[in-house]
Amino acid sequence: MTRYAKPTILSEALALLGERPWRLLAGGTDFYPALGNRPLKEDVLDINGLAELRGIADSGDHWVIGARTTWTDIARHQLPAAFDALRQAAREVGSPQIQNVATVAGNLCNASPAADGVPALLTLDAEVELCSTAGVRRLPLDQFILGNRRTALGAGEMVTAIRVPKRSAVGGSAFVKLGARRYLVISIGMAAARLVVEGGVVREAAVAIGACSAVARRLAGVEAALRGMPVPALRDAVLAAPMDELSPIDDVRGSAAYRIEAAREIVVRAVMAAAGPGEGRRAA
């Protein structure tokens, strides 16, 4: 018989997780579609009663995003400009109805290569906080998502927060999504960029792309090419930079060859938009 529990405090939820395997239910926007026509057989741990896991807080040296924080919460919260890419991605996650209930942690735990929130969080050097009855551990986001639908989440653990170090929450940022239509679409590719520009020259660059490999990836070659470059030269720098991290597939949304070409263009647009007002429009 399927068991259902809805704890109201985190310690209760962790105790239940420590007893036996559960399938976690948060927003439910991926939970139910993933079942398809199959009957639900797993025990369900509904974490929607854990109010302490929702919200965004300033902890001093980090911005802390609770696991149950929704994409609408992200889009509406007053955050530094470095979070603009994440706020823009929040408005691209399905419809407003989906954004109102879908959670940030759910987007990460679902571990889809096309998860819109991941590239922006990668550019912020985000880390994932995992809790169990044994304690708390933290992993960089690029070590948490291991592959298509695979994460480093261990037995008895749940994601409780996403943490962004203040040292990475600087500069301007932008997100660009490519889909077959404007709204309600799974990404063919998406890019996020965060730049620190001083005196018209890039001092710091973080660039990531999703849906062009098994997991979203930072683009080390592009980042290296951008550092020290004046803003007018950024487009050419991106076009000439290596993108060795790309390993796209052919699927119903686009061919691998198309993704390779499109990736460079959306990275250009994200980089130019992150560089300052008007740059993104000129790049497009």
Side-chain angles (χ1 to χ4, degrees), residues 74-75 79-93 113-126 140-142 164-165 167-179 182 187-213 215-248 254 257-284:
I74 294 286
L79 289 162
F83 284 86
D84 284 354
L86 185 63
R87 288 158 54 90
Q88 291 162 8
R91 298 184 179 95
E92 300 282 359
V93 179
D116 288 322
V118 178
L121 287 169
L122 285 174
T123 67
L124 290 165
D125 298 320
L141 178 56
D142 62 358
V164 173
R167 66 178 182 275
S168 299
V170 293
S173 68
F175 173 83
V176 175
K177 175 171 178 170
L178 173 65
R182 183 65 185 86
S187 294
I188 297 171
M190 68 281 201
R194 179 178 62 83
L195 303 181
V196 177
V197 178
E198 297 175 357
V201 174
V202 175
R203 300 303 180 195
E204 183 178 333
V207 182
I209 193 159
C212 291
S213 53
V215 297
R217 304 284 299 276
R218 287 276 291 266
L219 300 178
V222 173
E223 293 174 356
L226 294 177
R227 296 187 191 103
M229 296 294 291
V231 169
L234 296 185
R235 180 184 178 89
D236 289 341
V238 173
L239 293 176
M243 292 188 180
D244 299 333
E245 296 86 355
L246 303 185
S247 55
Y258 173 70
R259 282 188 166 97
I260 290 288
E261 294 298 321
R264 203 169 285 277
E265 177 61 25
I266 61 175
V267 169
V268 165
R269 297 187 186 198
V271 165
M272 298 306 293
E279 297 298 339
R281 287 191 294 275
R282 281 194 285 275

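Here the structure is a predicted model, which means the values were calculated and not measured.
Partners of D84 under the side chain to side chain donor-acceptor pair (under 3.5 Å) rule, at least two apart in sequence or in another chain, do not exist in this structure. Scored by the side chain to side chain contact (heavy atoms under 4.5 Å, CB included) test, M229 finds A233, L234, A237 as partners (sequence neighbours excluded).
No donor-acceptor pair under 3.5 Å is formed between the side chain of E245 and the backbone N or O of L219. Remark: the backbone N or O of A274 is not paired with any side-chain donor or acceptor of R194 at under 3.5 angstrom. Between the side chain of R259 and the backbone N or O of A211, at least one donor-acceptor pair lies under 3.5 Å. Here the side chain of S168 pairs no donor or acceptor atom with the backbone of T123 at under 3.5 angstrom.
Taking every heavy atom of both residues into account, D116 and F175 meet most closely at O-CE1, 3.6 Å. When all heavy atoms are compared, the tightest approach of L195 to A205 is CD2-CB, 3.6 Å. Heavy atoms only, all atoms of each residue included: A169 and P80 are closest at O-CB, 4.1 Å. When all heavy atoms of L124 and P165 are compared, the closest pair comes out as O-CD, 3.7 Å. For A270 against A191, the heavy-atom pair with the smallest separation is CB-O, 4.0 Å.
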Checklist entry - Given the rule in the side chain to side chain contact (heavy atoms under 4.5 Å, CB included) test, do F83 and I74 qualify, once you have shown the distances and angles that lead to the verdict? => result CA-CA 9 Å; F83 284 86; I74 294 286; over 6 Å; no
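Side chains of E198 and E204 form no contact here, defined as non-hydrogen atoms less than 4.5 Å apart. Looking at I209 and I266, their side chains come closer than 4.5 Å, going by heavy atoms from C-beta outward. The side-chain heavy atoms of R182 and E92, taken from C-beta on, include a pair separated by under 4.5 Å. Contact check for I260 versus P248: side-chain heavy atoms found under the 4.5 Å cut-off.
In this structure, E265 CD and L239 CG are separated by 7.5 Å, a value rounded to the nearest 0.5 Å. Note: R217 CZ to M243 CE = 13.0 Å, rounded to the nearest 0.5 Å.
Of the options D244, D125, D142, a salt bridge (charged side-chain N to carboxylate O under 4.0 Å, His left out) to R218 is made by D125 and by none of the others.
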